[in-house]
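For reference, the structure discussed in these notes is given below.
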Amino acid sequence: MARLAQTDGLTDIQQEILSTVRDFVDKEIIPVATELEHRDEYPTQIVEGLKDLGVFGLMIPEEYGGLGESLLTYALTVEEIARGWMSVSGIINTHFIVAYMLKQHGTQEQKDYFLPKMAAGEIRGAFSMSEPALGSDVSAISSKGVRDGEEFVLTGQKMWLTNGGSSTLVAVLCRTDEGHPEGTAPHKSMTTFLVEKEAGFGEVRPGLAIPGKIEKMGYKGVDTTELIMDGLRIPVDRVLGGETGRGFYHMMDGVEVGRVNVAARGCGVAQRAFELGVAYAQQRQTFGKPIAQHQAIQFKLAEMATKVEAAHAMMVNAARKKDSGQRNDLEAGMAKYLASEYCKEVVEDAFRIHGGYGFSKEYEIERLYREAPMLLIGEGTAEIQKMIIGRRLLEEYRIQG
């Protein structure tokens, strides 16, 4: 891919980081991804390699042992990793969101304790909002945290926890009534708790259980789980930011950068699908010539490449807006919406180009075809993104008077 999805204005350091990651993806991820995915096997060796590269601390400030890089650098890194295997980028993403929330909203003690270990990959992060009956309605959270002296007692069931088993730190959103009288708006009575636990399944600390992996059609390798709290005791100093009632804002800030990350994942998967499609079209022959010479296939390749380029440009714009300190929920919503939809379309076109072979597990496109749908719902469905975009547009274009 010499021409598509290039990013202007990168520093020498950014280019070096991306070159190193791309080389790692080509040598260490792509050759083994499909085999590991078919076995639903956690990519331990790949994760250790990324840890050695410093990817787990990419955006963590240098004072805490990280590389102190921008969201743009991180998003472009995720794009490269997702090009190799989307599940690996998911392992990185949830860790990154928790580190970002700590960096932006944690107390100094919380930053000093967690961030150096997270930068080194010694603590692996996950975050948890969703619940079995919740969907996109975050205000309907029923998990509760009740104050008991110098502790909170947490009870409830969480769902769709990426890294649920392999993580050792989970940012969990619960409803807390302390200091929030009856009638308080739901989003103002939520708190984020920093829950430390052992890696693994079953009871991972008293009052906290990770039942096991949820079986999925794609996005395998990475563990997606439930989380059950039954009398889980958390010290008050593990309330993110040291203040109850701020959890909704903490989570939405994390999800906003997470949407840029999901857009980057969509870009990476779409790039790989295009690479597979354009290569196969030049190798497969029908009617005496490569199918790439048939106009119908050239039209399809042209549409795929245009979508790859457009999604990448929107993702980069959203990341740069956030890095500048400006509000970027409009740009992040647009980027996530477009990149995930285009990813699905590009993957399907590459699948069609492969013909019957695309249906075979021997071909990589089969895996991508099962992975792409997750991006349509992760970090907010297309419908949620359109609600965010629509509301923001009405704010920007409100008629005066």
Side-chain angles (χ1 to χ4, degrees), residues 29-30 33-34 36-41 43 78-79 81-94 129-130 132 134-136 159-164 213-226 255 258-277 300 303-304 307-308 310-312 314-315 332-355 357-361 363-389:
I29 298 183
I30 289 177
T34 296
L36 291 175
E37 196 270 350
H38 287 168
R39 296 204 302 259
D40 197 8
E41 181 177 326
V78 165
E79 183 179 40
I81 294 171
R83 177 182 152 266
W85 184 12
M86 193 182 77
S87 292
V88 179
S89 66
I91 293 169
I92 302 295
N93 181 41
T94 51
M129 285 194 301
S130 190
L134 184 58
S136 299
M159 194 70 175
W160 305 119
L161 189 66
T162 301
N163 283 344
K213 294 197 297 185
I214 298 170
E215 295 295 327
K216 302 162 293 186
M217 97 173 163
Y219 198 41
K220 294 178 180 287
V222 59
D223 48 288
T224 306
T225 74
E226 297 176 72
V255 167
R259 284 178 180 140
V260 176
N261 183 292
V262 172
R265 283 198 259 176
C267 291
V269 174
Q271 285 179 44
R272 185 60 182 165
F274 177 80
E275 291 175 10
L276 295 172
K300 200 172 290 291
E303 292 169 0
M304 292 163 67
K307 289 172 181 177
V308 167
H312 176 84
M314 290 198 74
M315 179 270 291
M334 285 181 168
K336 192 277 174 184
Y337 168 57
L338 191 82
S340 58
E341 295 291 336
Y342 276 180
C343 174
K344 176 202 70 170
E345 294 171 11
V346 172
V347 168
E348 182 170 334
D349 281 342
F351 176 84
R352 290 172 183 269
I353 287 172
H354 280 74
Y357 289 104
F359 207 62
S360 167
K361 286 195 171 185
Y363 282 75
E364 190 179 340
I365 191 63
E366 180 269 345
R367 169 171 61 84
L368 271 60
Y369 193 74
R370 288 183 291 103
E371 288 177 340
M374 197 285 292
L375 298 172
L376 299 172
I377 52 177
E379 316 293 31
T381 62
E383 290 70 26
I384 290 294
Q385 305 311 317
K386 286 189 273 190
M387 283 173 57
I388 293 168
I389 293 165

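Residue numbers start at 1 and run along the sequence shown.
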Gap between atom [atom2] of [Y] and atom [atom1] of [X] - 0.5 Å precision:
| X | Y | atom1 | atom2 | value |
| --- | --- | --- | --- | --- |
| His354 | Leu276 | NE2 | CG | 5.5 Å |
| Asn93 | Asn163 | CG | CG | 9.0 Å |
| Thr162 | Ile91 | OG1 | CD1 | 9.5 Å |
| Glu371 | Ile365 | CD | CD1 | 10.0 Å |
| Met387 | Ile389 | CE | CD1 | 11.5 Å |
| Met86 | Leu368 | CE | CG | 8.5 Å |

Heavy-atom closest contact ([X] atom, [Y] atom, distance):
| X | Y | answer |
| --- | --- | --- |
| Pro43 | Val88 | CG-CG2, 4.1 Å |
| Met129 | Val255 | CE-CG2, 3.5 Å |
| Glu341 | Ala382 | OE2-CB, 3.5 Å |
| Ala82 | Val269 | O-CG2, 3.9 Å |

Handout entry: Working for salt bridge (Lys or Arg N to Asp or Glu O under 4.0 Å), residues Glu348 and Arg352
Key = CA-CA 6 Å; Glu348 182 170 334; Arg352 290 172 183 269; 2.8 Å; yes

Practice task
Check the pair Asp349 / Phe274 against side-chain contact (heavy atoms from CB on, under 4.5 Å), numbers first and verdict last.
Solution key: CA-CA 9 Å; Asp349 281 342; Phe274 177 80; over 6 Å; no

Ignoring hydrogens and angles, tell me if any N or O in the side chain of [X] forms a donor-acceptor pair with the backbone of [Y] under 3.5 Å.
| X | Y | result |
| --- | --- | --- |
| Lys336 | Gly378 | yes |
| Ser89 | Val78 | no |
| Asp40 | Lys220 | no |

Exercise for the section: Describe, in one word, how the ring planes of Phe351 and Tyr369 are oriented to each other, choosing from parallel (under 30°), tilted (30 to 60°) and perpendicular (over 60°). Expected result: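 Parallel.
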
Handout entry: Reference residue Glu37; test salt bridge (Lys or Arg N to Asp or Glu O under 4.0 Å); the match among Arg370, Lys361, Arg367
Key =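 Single pass found, and it is Arg370.
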
Handout entry: The single option from Lys213, Met159, Lys216, Glu215 passing side-chain contact (heavy atoms from CB on, under 4.5 Å) against Thr224
Key =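 That would be Lys216; it is the only one of Lys213, Met159, Lys216, Glu215 passing the side-chain contact (heavy atoms from CB on, under 4.5 Å) with Thr224.
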
Practice task
Please step through side-chain contact (heavy atoms from CB on, under 4.5 Å) for the pair Arg83 and Glu79, ending with a clear verdict.
Solution key: CA-CA 6 Å; Arg83 177 182 152 266; Glu79 183 179 40; over 6 Å; no

